Student: 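Can you keep this structure in mind? I'll have questions shortly.
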2 protein chains.
Amino acid sequence: AVTLKDVVKIYKMGKVEVPALKGVSFSVEKGEMVSIIGPSGSGKSTLLYMMGTLDKPTKGEVYIDEVEVSKLKGNELAELRAKKIGFVFQFFNLIPRMNALKNIALPMTFLGISKKEREERALELLEMVGLKDRWNHRPSELSGGEQQRVAIARALANNPSIILADEPTGNLDTKTGKEIIELLVALNKEKNQTIVIVTHEPGIAEKCRRIIHLKDGLIQKDEVKPS
Amino acid sequence: AVTLKDVVKIYKMGKVEVPALKGVSFSVEKGEMVSIIGPSGSGKSTLLYMMGTLDKPTKGEVYIDEVEVSKLKGNELAELRAKKIGFVFQFFNLIPRMNALKNIALPMTFLGISKKEREERALELLEMVGLKDRWNHRPSELSGGEQQRVAIARALANNPSIILADEPTGNLDTKTGKEIIELLVALNKEKNQTIVIVTHEPGIAEKCRRIIHLKDGLIQKDEVKPS
Ligand SMILES: Nc1ncnc2c1ncn2[C@@H]1O[C@H](COP(=O)(O)OP(=O)(O)OP(=O)(O)O)[C@@H](O)[C@H]1O
Ligand SMILES: Nc1ncnc2c1ncn2[C@@H]1O[C@H](COP(=O)(O)OP(=O)(O)OP(=O)(O)O)[C@@H](O)[C@H]1O
Ligand SMILES: [Mg+2]
Ligand SMILES: [Mg+2]
């Protein structure tokens with residue numbers, strides 16, 4: 001599924017350089033459920049961006065299903081991303097002027113799915129996250145937790161083989177958070193989807209078989225629970 | 001400090017009406033530390049908006065230090081808000097084009113504080129939340145948790161007597177989250193500042209002497225711990 005080799009990421013701002021990742025190497029196999037934990041500013045979101053090909057590393061390589069992504073051209077990379085990767089951003093990045101249904105349907109337009117089929121699937125996903133009757137509401141008309149659930153539904157739109165979620169329960173109460181994680185666990189077990197979750201909630205990390213501990217841009221520990 | 005009487009809030013979107021608050025009445029006295037908990041969509045953020053005079057109720061009254069806010073004119077209300085209320089939004093609402101220092105200094109400009117004094121205070125606040133060397137970074141150059149800490153520092157800028165925080169530790173790891181709550185507890189104990197925290201993390205709610213349970217826009221329970 002996803003392999004990183006000696007990945008370094010340094011954000012440059014004028015003369016200042018911020019090393020977010022200082023050299024990380026690991027692989028996540030198909031069907032694994034992995035969580036990434038670590039202090040605020042340790043590089044978790046940056047690591048997820050690298051895995052999701054949303055940003056280029058300063059050094060090192062990223063492989064998605066054995067393909068080295070820096071060798072792909074613009075549209076090939078966009079197609080790989082649309083087909084294989086579902087991303088839940090830490091702050092959602094929903095389109096303000098679109099209602100919930102259109103936000104969820106948007107990734108399906110990149111794969112040329114018909115409007116009728118897109119809307120049916122979007123309604124199905126809205127039902128899965130408990131927001132069917134809010135389909136016509138825009139992000140500003142939804143609570144924080146409701147927006148987060150729309151963002152999760154959008155990440156599942158194209159049935160991606162890899163789901164990368166950045167604090168997916170950060171704005172949810174305990175009960176709603178549990179329901180969302182159970183949804184991800186079910187997708188992992190039934191559809192063998194690979195799931196990587198950044199979280200700071202110990203109860204969520206526990207649901208994953210593998211926990212990667214990140215600190216100051218380096219992997220401190222990579223523990224796999226006995227099955 | 002803050003009193004709500006039969007407050008109702010209904011969001012109208014075309015023909016659809018969403019009742020977020022269905023009639024809540026309670027008072028928070030000066031120096032109290034109170035938490036508000038409840039499921040996603042139960043009306044917590046809306047309740048905080050009413051208490052912070054950021055939005056008008058559909059029915060009912062809001063009093064800040066015995067003054068009924070609907071009787072105040074535009075600039076009187078703005079001045080009361082700038083002087084007495086510090087607000088930490090659920091999604092920060094930092095100004096993207098301003099660096100951390102300027103974001104924190106902004107509320108002080110409303111009270112006519114000199115640039116030199118504003119910048120000194122902003123640097124002090126950045127140090128309090130552990131981000132002194134990131135003063136010149138913009139929100140997009142900070143991690144989620146770092147942005148949240150800048151938002152908390154901004155809410156404290158004018159030494160407000162009332163601090164309203166919406167999920168202030170939602171994007172922080174356990175250790176950083178504890179540090180922020182300890183900062184708020186210290187402000188409550190040492191400066192007698194009134195603090196109201198919306199949270200879904202039980203460990204945070206426990207730190208408050210009083211917990212208000214909200215569900216479907218109504219107060220289910222209002223429990224005060226024996227001191
Ligand atoms: N501007 C708006 N227009 C329409 N409905 C809204 C608006 N803002 C909030 N709502 C609705 O009002 C209800 C209460 O929202 P609120 O944001 O207060 O919930 P919350 O308890 O803070 O939830 P969360 O824990 O998910 O942040 C929700 O059902 C939400 O969809
Ligand atoms: N665009 C950027 N420009 C400069 N520095 C950045 C940028 N994005 C992130 N950083 C810095 O890189 C480091 C890692 O950031 P990252 O967002 O990956 O942390 P994180 O572990 O996700 O933190 P959090 O738990 O607070 O969300 C942080 O110190 C952050 O300030
Ligand atoms: Mg992050
Ligand atoms: Mg809220």
Side-chain angles (χ1 to χ4, degrees), chain A residues 11-16 18 20 37-46 48-49 89-92 94 99 129-131 133-149 166-167 169-180 198-203 205 213-215, chain B residues 11-16 18 20 37-46 48-49 89-92 94 99 129-131 133-149 166-167 169-180 198-203 205 213-215:
Chain A
Y11 292 107
K12 295 196 179 55
M13 301 160 41
K15 288 198 242 11
V16 177
V18 181
I37 66 176
S40 172
S42 57
K44 301 185 297 295
S45 292
T46 303
L48 225 55
Y49 268 67
F89 295 90
Q90 189 168 2
F91 297 113
F92 320 143
L94 296 173
N99 65 22
V129 296
L131 288 174
D133 57 354
R134 306 302 296 273
W135 66 273
N136 197 22
H137 289 209
R138 290 187 207 147
S140 67
E141 297 166 336
L142 297 171
S143 78
E146 290 164 345
Q147 290 178 51
Q148 185 149 46
R149 285 183 274 160
D166 198 346
E167 311 268 12
T169 62
N171 288 287
L172 299 177
D173 58 282
T174 319
K175 181 167 157 287
T176 313
K178 270 218 182 85
E179 286 165 16
I180 291 295
V198 162
T199 183
H200 62 265
E201 302 190 28
H213 299 251
L214 201 68
K215 194 175 170 153
Chain B
Y11 291 107
K12 295 195 177 54
M13 300 157 43
K15 289 197 274 312
V16 177
V18 180
I37 66 176
S40 172
S42 57
K44 302 185 297 294
S45 293
T46 303
L48 225 56
Y49 268 66
F89 294 89
Q90 189 166 2
F91 297 112
F92 319 144
L94 296 173
N99 65 22
V129 296
L131 288 174
D133 57 351
R134 306 301 298 275
W135 66 272
N136 196 24
H137 290 211
R138 288 184 212 148
S140 67
E141 298 166 335
L142 297 170
S143 79
E146 290 165 344
Q147 290 178 51
Q148 186 149 45
R149 284 184 273 161
D166 198 346
E167 312 269 14
T169 62
N171 289 287
L172 299 176
D173 58 281
T174 321
K175 182 167 156 288
T176 313
K178 268 218 180 82
E179 285 165 19
I180 290 295
V198 162
T199 183
H200 62 266
E201 302 190 26
H213 299 250
L214 202 66
K215 191 165 180 199

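Each chain gets a letter, A, B and so on, in the order its sequence line appears, and its residues count up from 1. Everything numeric in this text was worked out from a predicted model, so none of it was measured. Because only heavy atoms are used, hydrogens play no part in the values below, and waters and symmetry mates are left out as well, while side chains stay in.
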Student: Against chain A, label Y11(B) side chain, backbone, both or neither, depending on which of its atoms sit under 4.5 Å from a heavy atom there.
Tutor: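 Neither part.
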Student: Specify which of L172(B), I37(B), T176(B), T169(B) makes the most heavy-atom pairs with chain A at under 4.5 Å.
Tutor: L172(B)
Student: Checking S45(A) against chain B: side chain, backbone, both or neither under 4.5 Å from a heavy atom?
Tutor: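 Contact with chain B: none, neither part.
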Student: Counting only non-hydrogen atoms closer than 4.5 Å, does R134(B) touch chain A with its backbone (N, CA, C, O), its side chain (CB onward), both, or neither?
Tutor: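 The side chain, not the backbone.
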Student: Considering only heavy atoms and a distance below 4.5 Å, find which of D173(B), L142(B), V18(B), T46(B) pairs most often with chain A.
Tutor: D173(B)
Student: Grab the two heavy atoms, one from T174(A) and one from H200(B), that are nearest each other, plus how far apart they are.
Tutor: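 Reported closest heavy-atom pair: OG1-O, 3.7 Å.
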Student: Take atom NZ of K175(A) as the centre, draw a 6.0 Å sphere, and report whether it contains more than 12 heavy atoms from other residues, nucleotides or ligands.
Tutor: no
Student: If every non-hydrogen atom of R149(B) is compared with every non-hydrogen atom of S40(A), which pair is closest and at what distance?
Tutor: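 Nearest pair, atom of R149(B) first, then S40(A): NH2-OG, 3.0 Å.
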Student: Sequence neighbours left out, what passes salt bridge (charged side-chain N to carboxylate O under 4.0 Å, His left out) with K15(A)? Give chain and number order.
Tutor: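 For K15(A), no residue satisfies salt bridge (charged side-chain N to carboxylate O under 4.0 Å, His left out) once neighbours in sequence are set aside.
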Student: Among E141(B), E167(B), Q148(B), Q147(B), which residue forms the greatest number of heavy-atom pairs with chain A at distances under 4.5 Å?
Tutor: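 Going by pairs under 4.5 Å, I would pick E141(B).
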Student: Which heavy atom of V16(A) sits nearest a heavy atom of H137(B), and at what distance?
Tutor: CG1-NE2, 4.2 Å
Student: E201(B): which residues meet the salt bridge (charged side-chain N to carboxylate O under 4.0 Å, His left out) condition with it, sequence neighbours left out?
Tutor: none
